[in-house]
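Reading through the structure tokens given below for one structure.
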Amino acid sequence: MATAFLPSFCNNSGNISPQRLLDPQPHLLSASNDLKTKPPSKLNKASVARTLLSYIDSGRMEGALSLFETTKKPDTFLWNLMIRGYANSEFYQKAMDFYHRMQAAGMRADNFTFPFVIKSCIALSSFDEGLKVHGRLFKVGLDSDLFICNSLIGMYSKFGLVEDAERVFDEMPIRDIVSWNSMIDGYVLNGEGWRSLICFREMQEASGLQHDRYGVMSALAACSLEMSANQGKEIHCHVIRHGLESDIKVQTSLLDMYCKCGKVFYAERLFQTMNQRNVVTWNALIGGYALNNQPHKAFACIVEMQADSIGPDAVTMVNLLPACQVRGISHGKAIHGLSIRKSFLPHLVLETALIDMYAKCGELGSAEWLFDQMTEKSLVSWNAMIAAYVQNGRNMKALEVFLNLCNRNLEPDLFTISSIMPAYAELASLQYGKQIHSYVLKSKYGSNTLVLNCIIYMYARCGDLKTSREVFDRMVCKDIVSWNTIIIGYGYHGHGKIALDLFSDMKSKGIQPNESTFVSVLTACSLSGLVDEGWLNFNAMQQEYNISPQIEHYGCMVDLLGRTGDLKEAVDFIERMPLVPTARIWGSLLTASRNKNDIEMAEFAAEKIFALEHDNTGCYVLLSSMYADAGRWSDVERVKSLMKEEGVQKTTARSLLELDGKTCTFINGDMSHDQSNITHEVSDILSKGIGETANDSDFVFNPVEVGAKKASLPKRHSVRLAVVFGLISTTVGSPILVKKNVRICNDCHHAIKLISRYSKREIIIGDTRIYHHFTDGFCCCGDYW
DNA sequence: TTAGGGTTAG
């Protein structure tokens, strides 16, 4: 083997010799013959440039720096080389430092400098720095340079400011194919598929330029965004017409597009015709199978690709993970194990995908563990962890992570906001809700439709329907979700008629209702007892809108039938349903049986529920309370024993009242507050004031519990204590809002109706199902909940 | 010496 071409520090086999590895900074002397003979200061400019370039091209930035630092009065070209070297070696902060040093040294940055500076700003996510750079370009008269403008389009697009990218593009005196491709891709990056495709078309019409592989690949991504296989097919034809079909990157983009548009068959056919495949191609196909609910095929690819002598990589694992949501946690764990064995971990994207998988499979502990041990976390990882907590009902924990994220100089994005908003809604805390609303208004997502929809829902869930409506009314771009949300908001508050008026408004504005709209409408009808309107809409959804009722719609109809009191009709309806009844359906029958005081039917419904959910706490509690009402104490004891056997514990009833930014929590018989004594005294006075007799409020049905369970007296129930505390702590005439974690009992519901009349106050109680608005002795629920 | 996106997480 000839050795003449080997560097001096390599042995004959081409390996680096151990001696050279021990030699400090050997590369300094191997870069240029000039350096062996002359000290750097004596080198002429051309030699320095040549040597510096050789260091930079081989990624040896330390050597480049040493040479640069010893060069007297480096010119713009040398400064540019250093900035380029750092930017291309991904030392972006150092590139920026050099740019600033260059300015401090009085050197003028030129058209070659700025593309690297802009690239560094993008990589560092330095939006403010990027803006300063753009400002500087105007001062130095480089704001129209082709290369710089192309870089700026990329910068604004990547910072999510596609309108600013457009402005740069529109004002360019000359555009080339990179300008057009950058704009086409900029729209894709910002989720604007159609605008990207329009731009793609305009390029040929306006400029006469021919699309290259880059433009085609971006346009295919735009088709995926819009799920438009037809547009994708047109681009496929263009690819064939212009001889791009043998390009593996274009082929992979086509395959990916077909998968994302749900056309797996086309993707498979394309895959079969490909004369070369690599791991990226396989990954696209695996991701396509996982995405299109074909987990078996996704997993089968792992074996097939190995037969093709192609091994999986970290992206293969990422693409396989969604298939685990169908095939179960054991497959997810297997992928995690394989990733460890193949040394794919640590890997930022893969770890984040694993967090998501564990959370969706209900293994929150594993998700938490993975998140905690990650050495590097992106905003996406934080968002995944927030979503993991919210999905698993750990709302306070989600809030903790969100606040932690905000304290780490990470700027929440649309995903962060839309992930955390449901946690605020579920916590139903108006003070927290107002805080997040104020935060969102100050952020750049203050007018985003997705975020505003979450805010409408949050206010409605927190009991503040007025603000919910104000946010809705002020929205500039209302979508179908905005309408569905405000309709169900009015439904939750028992304003069925207003909900139906809104539904009419929506239709009159030409917005086509969808499945969720009818869930909102039917929920509103059922919670307000609008039986005729409920049936009318249930029939209309099928006949006028061709929407097949789903289990949620049937659930609302069972609620409505329950209200009419015809339990037999309700059972017939359930049995005639084309879908398998869920525990929620039988729960509606149970509620109806309770309201009709039909123990036999309640037992029937409970039996069905326990067959599906043996640990349904609400069912045990409701059944037990019915037995107690009927004086069937042995059955009460039997239910208690059953609960014990199943390990089911009765949820501790809690009622929350927010006062002056503080949340006051009450449990039954609560004596833990500073003002507990006066609260109990006022409760007694009110009890007498509304005409409650000993039988109404002091009598406990179960003689076994008399004496020891003074706290179970209705007038000592958490909700009564919260209401009384609200009455004595707030301005006369102002409404009182209390939230309860379990359903309000009959006694309290009756008493609060009377208290609202006696105290001339509006009292709003939100329980797990509905907001009861008590005014002048009446409740909006019509005494059915 | 200057601009660029085949598959990948929320």
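Just so we're clear, the structure is a prediction, and the values are computed from it rather than from any experiment. Chain naming here is simple, since letters A, B, ... match the order of the sequence lines and numbering starts at 1 in each. Side-chain atoms are counted along with the backbone in the values below, which use heavy atoms only and exclude waters and symmetry mates.
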Applying a 4.0 Å non-hydrogen cut-off, can you work out what [X] is touching in the nucleic acid: base, sugar-phosphate, or nothing?
X: A/Thr281; result: base
X: A/Ser378; result: base
X: A/Asp212; result: base
X: A/Ile386; result: nothing
X: A/Ser218; result: base
X: A/Asn80; result: base
X: A/Ser182; result: nothing
X: A/Lys260; result: sugar-phosphate
X: A/Asp313; result: nothing
X: A/Asp247; result: nothing
X: A/Asp356; result: sugar-phosphate
X: A/Phe114; result: nothing
X: A/Asp256; result: sugar-phosphate

Ion pair A/Asp164/A/Arg167, N-O distance below 4.0 Å: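 Looking at A/Asp164 and A/Arg167, the cut-off is met.
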Electrostatic pair A/Arg277:A/Glu304 at N-O distance under 4.0 angstrom: no
Sub-4.5 Å side-chain heavy-atom contact between A/Leu244 and A/His211: no
Any A/Phe200 side-chain heavy atom under 4.5 Å of A/Gln231 side chain: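 Heavy-atom side-chain distance check fails, nothing below 4.5 Å.
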Out of [options], whichever nucleotide has its closest atom nearest the side chain of [X]:
X: A/Arg84; options: B/dT1, B/dT7, B/dA9; value: B/dT1
X: A/Met217; options: B/dT8, B/dG6, B/dT2; value: B/dG6
X: A/Thr252; options: B/dG6, B/dT2, B/dA9; value: B/dG6
X: A/Asn181; options: B/dT1, B/dG4, B/dA3; value: B/dG4
X: A/Val349; options: B/dA9, B/dT7, B/dT1; value: B/dA9
X: A/Val315; options: B/dT1, B/dT7, B/dA9; value: B/dT7
X: A/Ala284; options: B/dT2, B/dT7, B/dA3; value: B/dT7

Tell whether [X] reaches the base of [N] with its side chain through a donor-acceptor pair below 3.5 angstrom.
X: A/Ser253; N: B/dG6; answer: no
X: A/Asn278; N: B/dG6; answer: yes
X: A/Thr352; N: B/dA9; answer: yes

Donor-acceptor contact present, side-chain A/Arg84 to main-chain A/Ala95, <3.5 Å: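 Checking the backbone N and O of A/Ala95 against the side chain of A/Arg84, no donor-acceptor pair under 3.5 Å is found.
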Main-chain N/O of A/Phe91 paired to A/Ser89 side chain as donor or acceptor, under 3.5 Å: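 Not a single qualifying donor-acceptor pair exists.
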Without decimals, in angstroms, what is the distance between [X] [atom1] and [N] [atom2]?
X: A/Ile118; N: B/dG4; atom1: CD1; atom2: C1'; result: 14 Å
X: A/Leu146; N: B/dA3; atom1: CG; atom2: C1'; result: 8 Å
X: A/Met82; N: B/dT1; atom1: CE; atom2: C1'; result: 14 Å
X: A/Phe344; N: B/dA9; atom1: CZ; atom2: P; result: 17 Å
X: A/Tyr99; N: B/dT2; atom1: OH; atom2: P; result: 18 Å
X: A/His211; N: B/dG6; atom1: NE2; atom2: P; result: 18 Å
X: A/Ile148; N: B/dG4; atom1: CD1; atom2: C1'; result: 17 Å
X: A/Phe112; N: B/dT2; atom1: CZ; atom2: P; result: 8 Å

Ring-base stacking, A/Phe147 with B/dT2 (5.5 Å, 30° cut-offs):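 Check passed, A/Phe147 stacks on base of B/dT2.
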A/Lys119 charged N/C atom sitting above A/Tyr92 aromatic ring, 6.0 Å / 45°: no
